[in-house]
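Here the structure comes first, spelled out in structure tokens, and everything after it is commentary.
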Amino acid sequence: MTTGREYLVSLHNIRVVLVNTSHPGNIGGAARAMKNMGLSRLVLVDPQDFPSPEADARASGATDILENARVVGCLEDALVGCRLAFGTSARDRRIPWPLLDPRECASVAYDEVVKGGEVALVFGREYAGLTNEELQRCQFHVHIPSDPEFSSLNLASAVQVLGYEARMAWLQQQGASDRPQKSQGDERGEEGLERVTSDELERYFRHLEQTLVDIGFLDPQHPRHLMSRLRRLYGRCAIDRVEMNILRGILTETQKAARGEPHKRRKD
């Protein structure tokens, strides 16, 4: 059974990311919703008004979360160190992406966090949500199945829904005493078995895009949806660090070959 200390540490591996929030009261409301569900890590991407007395007032006892909130300039910075990011979305997209409901999101997040990984629950602007580019930085999209006749959710309410499902997943596992427990050494003893983080994956995508341009496979003037589709493809894979080193090595040697430079040849 998960101990109280392990429970808190695991919840600490879940960060809530709010992107370009326009109303400080919504930041305070989200902080309160987080504290209700035992979440404590808040990251704010380019908030329009923060810190703010109105955020403190709406937090209603969760000002410690606001005081410890991290403010960054872009989503990429907010996801540094995360192995999985879940982007909330209410819109249909031209390119299909792995889509989860809140309960499925909590289950996938749980499986990653018990391995010691960090995950992010990403929420967009009050009136426009997340952009397509921001959503493509998330491995999964999350849709809250509200009533289509009145589907718009307040930001704090959306945070509450995902936070509640995350907490229920933990409470369920606390009671699952017959679940096989892996030792910490099994999960993290070999660094290569750890899933790569979001920032490591972004560096790979930049390397991949440049390589595809170098070999003439990608026309930067007419990219169409190639990189978006490749992001979706890789998002379905749990890439670990050994696999990432292999992928980056392949790209490096491909670039050398394209330039006519000496490159490694694998021997049979």
So, for S89 and H143, which heavy atoms are closest and what is the spacing to 0.1 Å?
-> O-ND1, 3.4 Å
Assess whether side chain to side chain contact (heavy atoms under 4.5 Å, CB included) is satisfied between L121 and R15, documenting all intermediate values.
-> CA-CA 6 Å; L121 307 178; R15 69 183 73 169; over 6 Å; no
Is a side-chain N or O of S52 found less than 3.5 angstrom from the main chain of E54, in a donor-acceptor match?
-> yes
Indicate whether any N or O donor in one side chain lies under 3.5 Å from an N or O acceptor in the other, for E118 and H12.
-> no
Find out if a path of hydrophobic residues (ILVMFWY) with successive side-chain heavy-atom gaps under 4.5 Å connects L153 to Y127.
-> no
If you round to the nearest 0.5 Å, how far is OG1 of T254 from CG of D214?
-> 10.0 Å
Taking atom CD1 of I144 and atom CG of L100, what is their separation to the nearest 0.5 Å?
-> 12.0 Å
W97 side-chain N/O to G235 backbone N/O, donor-acceptor pair under 3.5 Å = no
Which pair of non-hydrogen atoms, one from A166 and one from I14, has the smallest distance, and what is that distance?
-> CB-CD1, 4.2 Å
Cationic N near anionic O, under 4.0 Å, E253 to K256 | yes
Side-chain (T211) to main-chain (H207) donor-acceptor, under 3.5 angstrom | yes
Would you please say whether a donor-acceptor pair under 3.5 Å links the side chains of N132 and Q136?
-> no
Taking only residues at least two apart or on different chains, which pairs with a member in residues 37-87 satisfy ring pair (Phe, Tyr, Trp, His ring centres under 6.0 Å)?
-> F86-F140
Give the minimum heavy-atom separation between L135 and H141, together with the two atoms involved.
-> O-NE2, 3.1 Å
Sub-3.5 Å donor-acceptor pair from the side chain of R167 to the main-chain atoms of M37, do we have one?
-> yes
Intermediate values then yes/no, side chain to side chain contact (heavy atoms under 4.5 Å, CB included), E200 and I239 | CA-CA 10 Å; E200 290 170 329; I239 302 174; over 6 Å; no
Using modelled atom types only, decide if a donor and an acceptor are shared between the side chain of D199 and the backbone of G81 within a distance under 3.5 Å.
-> yes
So which of V16, T88, L130 actually passes side chain to side chain contact (heavy atoms under 4.5 Å, CB included) with V122?
-> L130
4.5 Å side-chain heavy-atom contact, N26 and F123 | no
Under a single-linkage definition using a 4.5 Å side-chain heavy-atom cutoff for Ile, Leu, Val, Met, Phe, Trp and Tyr, are V113 and V196 assigned to the same hydrophobic cluster?
-> no
Taking atom CG of L44 and atom CZ of R70, what is their separation to the nearest 0.5 Å?
-> 10.0 Å
What are the two closest heavy atoms between A33 and V159, and how far apart are they?
-> CB-CG1, 4.2 Å
Counting only N and O atoms by type, is there a donor-acceptor contact under 3.5 Å from the side chain of E112 to the main-chain atoms of A109?
-> no
Nearest heavy-atom neighbours spanning N13 and G117 | ND2-O, 3.3 Å
Do R236 and P98 touch side chain to side chain, with heavy atoms closer than 4.5 Å?
-> yes
Over 12 foreign heavy atoms within 6.0 Å of OH, Y204 = yes
Got D46 and C74 here, is their nearest side-chain heavy-atom distance under 4.5 Å?
-> no
E133: what forms a side chain to side chain contact (heavy atoms under 4.5 Å, CB included) with it, not counting sequence neighbours?
-> T131, R137
Worked check of salt bridge (charged side-chain N to carboxylate O under 4.0 Å, His left out) between E194 and K115 = CA-CA 8 Å; E194 294 181 7; K115 300 174 186 176; over 6 Å; no
Residues 62-69, side-chain donor-acceptor partners within the protein, below 3.5 Å, at least two apart:
residue	atom	partner	partner atom	Å
D64	OD1	K35	NZ	3.0
D64	OD2	K35	NZ	3.3
N68	ND2	D64	O	2.9

Roughly how far, to the nearest 0.5 Å, is the OG atom of S152 from the CG atom of D147?
-> 12.5 Å
Between V71 and P47, the two heavy atoms sitting closest are CG1-CD, 3.8 Å
Should M227 and L79 be regarded as members of a common hydrophobic cluster, given that ILVMFWY residues are connected when their side-chain heavy atoms come within less than 4.5 Å of each other, either directly or indirectly?
-> no
Would you verify whether the NZ or CZ of R231 falls within 45 degrees of the ring axis of F205 while also being under 6.0 Å from that six-membered ring's centre?
-> yes
Give the intermediate values and the outcome of side chain to side chain contact (heavy atoms under 4.5 Å, CB included) for residues L75 and V17.
-> CA-CA 8 Å; L75 180 57; V17 178; 4.0 Å; yes
Intermediate values then yes/no, side chain to side chain contact (heavy atoms under 4.5 Å, CB included), E126 and T21 = CA-CA 7 Å; E126 291 94 330; T21 310; 3.0 Å; yes
Would you kindly confirm whether I250 and L201 end up in one hydrophobic cluster when ILVMFWY residues are joined by side chain heavy atoms under 4.5 Å apart?
-> no
Mind checking whether H225 and R232 have side chains closer than 4.5 Å, heavy atoms only?
-> no
Can you check whether L11's main-chain N or O pairs, donor with acceptor, with R41's side chain at less than 3.5 Å?
-> no
State, yes or no, whether a side-chain contact exists between D101 and V142 at a heavy-atom distance under 4.5 Å.
-> no
Check the side chains of S22 and Q48 for a donor-acceptor pair under 3.5 angstrom, ignoring hydrogens and angles.
-> no
Answer with yes or no whether the hydrophobic clustering places L99 together with V108; edges join I, L, V, M, F, W, Y residues whose side-chain heavy atoms lie under 4.5 Å apart.
-> no
Are E165 and S107 close enough that some pair of their side-chain heavy atoms sits under 4.5 Å apart?
-> no
T197 versus R241: any side-chain heavy-atom pair under 4.5 Å?
-> yes
Starting at CG of L247, measure out to CD of E243 and round the result to the nearest 0.5 Å.
-> 7.5 Å
Quick one: does R83's side chain have a donor or acceptor within less than 3.5 Å of a partner on R195's backbone?
-> yes
Spacing of L218 atom CG and R224 atom CZ [to the nearest 0.5 Å] = 11.0 Å
